[in-house]
Each structure stands twice: as C-alpha cells, then as structure tokens.
Amino acid sequence: MDQKAANTDLALRTRATRVIPGGMWGHQNAARLPKGYPQYFSRAEGCRTWDADGREYIDFICGWGPTILGYNDVDVEAAAADQRARGDAMNGPSERLVELAELLVETVPHADWAMFSKNGTDATTACVTIARAGTGRRKVLVARGAYHGAIPWCTPSVAGVTEEDRAHLIQYDYNDAASLEAAVDQAGNDLAAILVSAFKHDLGKEHALPTRAFATRARALADLTGAALIVDDVRAGFRLHMGGSWELVGVRPDLAAWSKAIANGYALAAVTGNDRFREAATKIFTTGSFWTAAVSMAAAVATIEKLKKTGGIDTMVAMGQRLRDGIDRQASRHGLAVRQSGPVQMPVILFDDDADRRLGNAFCLELLARGVYMHPTHTMFLCAAHTVADIDQTLAASDEALATVARL
Ligand code: PMP
C-alpha cells in the first residue's frame, strides 16, 4: 500500500478498528460523529482545517474549543518553540509556571492563586476536591444535563461507574433559582459546593447565558451555607470575558476550572481560586507526569497576552454576530425556523420540529460538502482568526445549504 492511500480517512478507520477498541473512544467515536463527517485530520492553519483526504474547511469547531487565536498562531508558536528549545517536561517546573500564575491572578478578578494540570476534567475534579477539603463536607450540586468531564463522578456514561462514585451529587436546573434552593435544602449541613457551567451549553439543547438573578442567588446561597461556588469555565474560558465568564453577570466564584482555549491548543488546564480556599488547595494531593511541563505554559502566557492586546474576544463577537445575523436572514428567506442560541462566538444552531435531527444533520452535511465544518448539536467555536471574508464565504455556503434543507 502506498503511504498516501494508507492515510485516507477510510484506511485509517479500517486500521484503527483492529488496534483501538471500537475504532475510537469518546465523542470522536464514529458512532458519535455526525454521519458523513471525516474522522481524521491532516493539517490546520488559521481558522481552516484539512481532513485526512485533503478537503479544506472553514472550521467552526476549532479543535472543540482550544483554538482561540487560530491554529498555528505565529506568536504562540514562537513562544512555545523558544521554551521547547530550553526544556519542557523537566524535573520541576520552569519560570513559566510562576509567570503564568501571576498573569492569571492579574487577569482574573476572583483569582488570588492558580494551579495547573492537563485536562478540563483534572481542573473540575480538583475544584470539587478543594471545596470538600476546605469545607469538610461532601455534597456537590450539579445542573441536570451539564457536562463537567469524563471520569466516574461526572461522565455522562454509566458503564464502569458505581452509585458510590456519584453518591454525593444533587441535581438542580440551570437558571432556575428555586430548584437550586431545593438542592441546597436537600444537602442540609453537608454542602461542599455549588458547581455551575459558565453558561448552559448542554449537548443538543438551546444554549443560554446565566441570568443575573440565578447567578446572584447561587453566590448568595454559597455565602449563606459556607459552600464553594465553582464555575466550570473549561469550555467558555477566555471566549466570553478575559476575567472569567461570570464577570458578564457580575458574580465571582470561589473556584474556577479552565482548560480548552487557555493555551491555544497546547494541553493545559488551570484552577483559579480565592484566598478562602488557598489553604484547602495546599492540603489536597494532586499531580501528574506532565502537569508542570513548560511549553504549554509558555503558549498560555503568549495566548493570554495576545488575546488581551488584540481584543480577541471583540473580534470573535463581531464575526459571530455577522454569522448569526446572516443565517437568521437566510433562514427567514427560506421559510425555515432556525434557533440560534448561546453567545454569538459560541453558537449552537438548531431547527424547530427536528427531534430526529434530520434537518440539522442535513444542514451540516450540506455545509461540509461546501467546505464549512459545523456541528449539528454541540457548542461551536469561533476564533480570532475568522475574518469577514471567511464569514461571508460561510454565508454563501449556508444560503445554499438552507435552500436544500427547505426542500426536504
Ligand atoms: N467541563 C466542560 C464545560 C467541558 O466542556 C469539558 C470538555 N468538553 C470538560 C469539563 C472536560 O474537559 P476535558 O475534556 O479537557 O477533560
């Protein structure tokens, strides 16, 4: 087999089924990918990706969030290369660790300190552990349907999970203060933490920013009970507000979990916290083989500084608004009821009366065929490398895609 043929999407899938359980795990498993989507990618640059078969897309998934400045950003890559030449996973951290913690404390108003790990799940789990260590209590309130990671206490799967893994979780409904109050009552004097997503971004559901009333009530309930308020900012961090997503509603958490976009694609996660939980954070034992590696930290410093300097969020908002307005106009012209929700830079696009996803899937497949990579049910992501020309090219494709959907 020549090398090129060996690397087609189909060839890679076939080889993978022999050496990887199910061919792939998690949300990248072929059964969970929208039908007709490529599984393998070969290259990425700016806001564009190329699949293993060489097809080019304007990318609205951005590596599922990590790409915030654009793939292969020249300044982030220069900082990473400079650090790589000095050392990455050494016996201990480099000066980048302190530099990055200082930068986070300076950038994020609730943060008096920061700690680092590799995955969002590491960070959400550390937040919960710190809250329990600090309060000496067990119960954690989580919103029904919210995603916080992929280990037994929070994975959406039940396989391999015991009841005991989740024994101390109590559910409430996001943006519903009454249900949060009921959950607080249920926890009684054993409440360690109220865990909230940055905004409601459940798979396949309309997205919604937190209401000020809900956020304020969550803060007040945490204060009243002595529990920690934890914001899971893994998905939204630095896309909504440089100070943390709940700055938009004027509420500061005690602890926040970050990952995805903080290092523009380099593997890194962070926990930020206030002084109330500083001592608890020193008590827990948490570590990992690569958690102090320096390259991703150098990339994070460059990413955060560039986002601040260039107003990256404003660019994403402007481009996201242009996309939303354009699709709204097109949908009404084609007589389609399209519901666009979430912040414009993190949209989800759903169709009315589409429980079986026939319309949403068809829309995305039509876009894919025209060189635009969207997703029918997951939060999408703009990055600061999307330009007016990219959005207008996307809108030319979406106009045709919607025309096709309207005929179904
Ligand atoms: N929390 C949220 C809100 C997420 O979106 C994710 C990842 N999709 C996680 C936690 C877990 O992050 P990771 O996959 O990096 O462990």
Side-chain angles (χ1 to χ4, degrees), residues 24-29 32-33 60-68 115-131 140-157 161 165-166 169 171-172 174-175 193-205 207-210 215 218 229-241 244-246 248 253 255-272 286 288-291 293 296 299-300 303 341-343 345-348 375 377-383:
M24 190 60 206
W25 58 88
H27 67 296
Q28 306 262 353
N29 180 283
R32 288 203 183 84
L33 281 181
F60 290 96
I61 287 294
C62 288
W64 301 87
T67 297
I68 189 163
M115 292 162 70
F116 303 102
S117 54
K118 281 290 161 202
N119 288 287
T121 309
D122 303 333
T124 54
T125 303
C127 285
V128 166
T129 312
I130 292 167
V140 176
L141 312 189
V142 293
R144 217 164 264 112
Y147 185 77
H148 297 297
I151 53 172
W153 75 265
C154 55
T155 173
S157 163
V161 174
D165 288 317
R166 295 171 184 191
L169 301 185
Q171 296 193 320
Y172 65 88
Y174 200 89
N175 269 344
I194 299 172
L195 175 56
V196 292
S197 305
F199 65 95
K200 186 173 160 63
H201 47 43
D202 307 348
L203 188 69
K205 303 262 173 63
H207 288 9
L209 284 167
L229 178 63
I230 304 171
V231 169
D232 177 353
D233 227 342
V234 169
R235 192 175 305 185
F238 293 144
R239 264 197 173 80
L240 267 50
H241 193 291
S245 297
W246 274 35
L248 289 179
L255 298 162
W258 306 75
S259 187
K260 289 204 184 280
I262 66 174
N264 201 46
Y266 283 85
L268 190 67
V271 172
T272 51
T286 187
S289 300
F290 303 101
W291 285 16
S296 61
T303 301
S341 62
Q345 65 276 42
M346 294 182 68
V348 66
H375 196 283
T377 52
H378 194 276
T379 315
M380 295 188 278
F381 302 87
L382 275 85
C383 71

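Starting from 1, each residue takes its place in the sequence as its number. Counting starts at 1 for both ligands and their atoms, in listed order. Quantities reported herein were computed from a predicted structural model and do not represent experimental measurements.
Not a single side chain to side chain donor-acceptor pair (under 3.5 Å) links Asn264 to another residue, sequence neighbours left out.
Rounding to the nearest 0.5 Å gives a distance of 10.5 Å between CG of Asp165 and OG1 of Thr155. Distance check, rounded to the nearest 0.5 Å: CZ of Phe60 to CE of Met346 gives 14.5 Å.
If you look at ligand 1, the protein residues with a non-hydrogen atom under 4.0 Å away are Asn119, Gly120, Thr121, Tyr147, His148, Gly149, His201, Asp232, Val234, Arg235, Lys260.
In this structure, His201 and Phe199 have perpendicular ring planes: the angle between them is above 60°, well past the 30° mark.
A 4.5 Å side-chain heavy-atom check between Thr125 and Trp153 finds at least one atom pair inside the cut-off.
Of all non-hydrogen atoms in Pro347 and Gln345, the two that sit nearest each other are CD-C, 3.5 Å.
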